[in-house]
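FYI, the numbering just counts along the sequence from 1. The figures here come from the full heavy-atom set of this structure, side chains too, leaving out hydrogens, waters and symmetry mates. For ligands, and for the atoms within them, numbers begin at 1 and follow the listed sequence.
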Amino acid sequence: MFRPRDEYAEPYRIKMVEPIRQTTREEREALISQAGYNLFSLPSEAVYIDLLTDSGTSAMSDAQWAALMRGDEAYAGSRSYFHLKESIKDIMGFDYVIPTHQGRGAEHVLMAAMVKQGDRVLGNMHFDTTEGHILLRGAEPVNCLRDVGYRVSEDVPFKGDFDLEKLRREIEKDPRTVPFVLITVTCNNNGGQPVSMKNIKAVSRIAKEYGIPVFFDAARFAENCYFIKHLEEGYADKSIREIAREMFSYGDGCTMSAKKDALVNIGGFLATNNESIYRKAIEWQIPFEGFVTYGGLAGRDMEAMAVGLQSVLDELYLEDRIGQVRYLGELLIEAGIPIVRPTGGHGVYLDAEAMLPHLRRDHFPAQCLAVELYIEGGIRGVELGGCAFGREDPVTGEAIWPELELVRLAVPRRVYTDRHMKMVASALARVKERAHEIRGLKLTYQAPVLRHFTAKFARE
Ligand code: F0G
């Protein structure tokens, strides 16, 4: 199924390096306390191995750096826009392209064009900025992920799939209030879990029955295609490009955070085959993002994106990238650390509830684990649990907790070596040894939306 990792090495040579520095434990204790126990508030120089996100953190290739020099910085009609458009048409088959400063810019223009108050946007599991945009429109985000997608230790493929019955039930409540269905590939919030082609096809068929458009959140589309190739019957002999073409043929368009699978540090786009959606989206694009042919980006950024979108389809690259994530997962399993199974495309997700069973939800176990991993090894992950996804009931003020209490260790693309992964595993093994001594955190400050970015904590 997957080639063993010792049968190949990284399919690239390293041409340029960026030094990183280890801090002492005492320094880290002081830094994290000053940061209010929130890892977003740390200066990145105080981090040794930064697994906060795989977004905008990729190492670009020599071809991409060369492409930067070809950027056409014209305000209108930039040549680089047309290169980007060609690359998207070639891979995804979509005719209309709106560049945006990043993925959430694309979400904004799509939602503003299509979502109105009282609507319900159905998806497998919306990412948090997507959810934020839906809420900002006065609409409701509805997740239709199949149940197994929430069961962390169940090792089955395609845990990003929709529950098709639930999707139909939600549509039938009132199809007129569903502006589109959004398929997030891979599904970030439950572990970078892929969606199968069979499921995508079925979602598209159901939506079409009701005349509802289908969009993809394509941030990690190539990683999803790689899983389809290796895990789904009938795809082993197809290229990633062919699989991507088929996948996108089931939709009307996509939003894309190019900071992931376009291997660039900034950028995004909305692409569609629907001219009227495109026209409406442009009305929001121009005042918020910039003119149609640059959308908040420099011409050089669009050039690097056009190249990155092509190179991410390289199977040797994807084998190494997803193989590295799986390798980290295997090291952690060997060390007895509870993780979401199977490992997904872009990171390993730690099950903080299983690792710190003595802590209550309002002790924020995932935040505690993320803090301890930083103190132990200077490693920065991100909490995806009660702080990121919990909220207070607006009427009763009671806490509403999400299903999962996870810490994500997102692996940047082509940035760290397997030795870095080993360091992460050994630091976590040491945290595990003293897990029972770890005390809870209490929230001392929270913003009304997306509170995890700026929250402050104190030790219990
Ligand atoms: N959709 C998905 C599935 C994402 O993971 C992200 C970002 C976005 C949309 C928004 O894109 O950041 O370019 O505006 N995810 C990052 C992460 C932040 O760390 O997972 P953006």
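Cation-pi check for Arg146 over Phe162 is not met; the charged atom does not lie both under 6.0 angstrom from the ring centroid and within 45 degrees of its normal. A cation-pi geometry, defined here as NZ or CZ lying under 6.0 Å from the six-membered ring centre and within 45° of its normal, holds between Lys238 and Tyr235.
Among the atoms of Asp217, some N or O lies under 3.5 angstrom from an N or O of ligand 1. For ligand 1, the polar-atom distance check finds an N/O of Arg220 within less than 3.5 Å of one of the ligand's N/O atoms. The N/O atoms of Gly103, backbone and side chain alike, include one that comes under 3.5 Å of an N/O atom in ligand 1.
Using modelled atom types, one finds no donor on one side chain facing an acceptor on the other under 3.5 Å when comparing Asp320 with Tyr327.
Only the side chain of Arg408 comes within contact range of ligand 1, with a heavy atom under 4.0 Å; no backbone atom does. For Arg104, heavy-atom contacts with ligand 1 shorter than 4.0 Å involve the backbone as well as the side chain.
Ligand 1 places these atoms under 4.0 Å from at least one heavy atom of Thr53: 17 (C), 19 (O). Near Lys259, meaning under 4.0 Å from any of its heavy atoms, are these atoms of ligand 1: 13 (O). Close approach of ligand 1 to Thr184 (heavy-atom distance below 4.0 Å) involves ligand atoms 3 (C).
Looking at Lys166, its side chain does come within 3.5 Å of a backbone N or O of Asn143 through a donor-acceptor pair.
Counting protein heavy atoms only, atom 13 (O) of ligand 1 is closest to Ser257 OG, 2.6 Å. When hydrogens are left out, the protein atom nearest atom 9 (C) of ligand 1 is Glu107 OE2, 3.2 Å; that is the closest non-hydrogen contact. Remark: minimum distance from atom 8 (C) of ligand 1 to any protein heavy atom is reached at Phe127 CD2, 3.4 Å. Scanning all protein heavy atoms for the shortest distance to atom 10 (C) of ligand 1 gives Thr129 OG1, 3.6 Å.
No close placement of the Phe221 and Phe216 rings is indicated, their centers lying 6.0 Å or farther apart. Side-chain rings of Tyr294 and Tyr81 stay apart, their centers remaining 6.0 Å or farther from each other.
The residue from Met256, Gln102, Lys260 that puts a heavy atom closest to atom 7 (C) of ligand 1 is Lys260.
Salt bridge status for Glu330 with Arg5: absent, with no side-chain N to carboxylate O gap under 4.0 Å. Between Glu223 and Arg321 there is a salt bridge, since a side-chain N of the basic residue sits under 4.0 Å from a carboxylate O of the acidic one.
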Item to check | Test side-chain contact (heavy atoms from CB on, under 4.5 Å) applied to Phe227 and Gln193, step by step | outcome: CA-CA 9 Å; Phe227 282 111; Gln193 301 293 331; over 6 Å; no

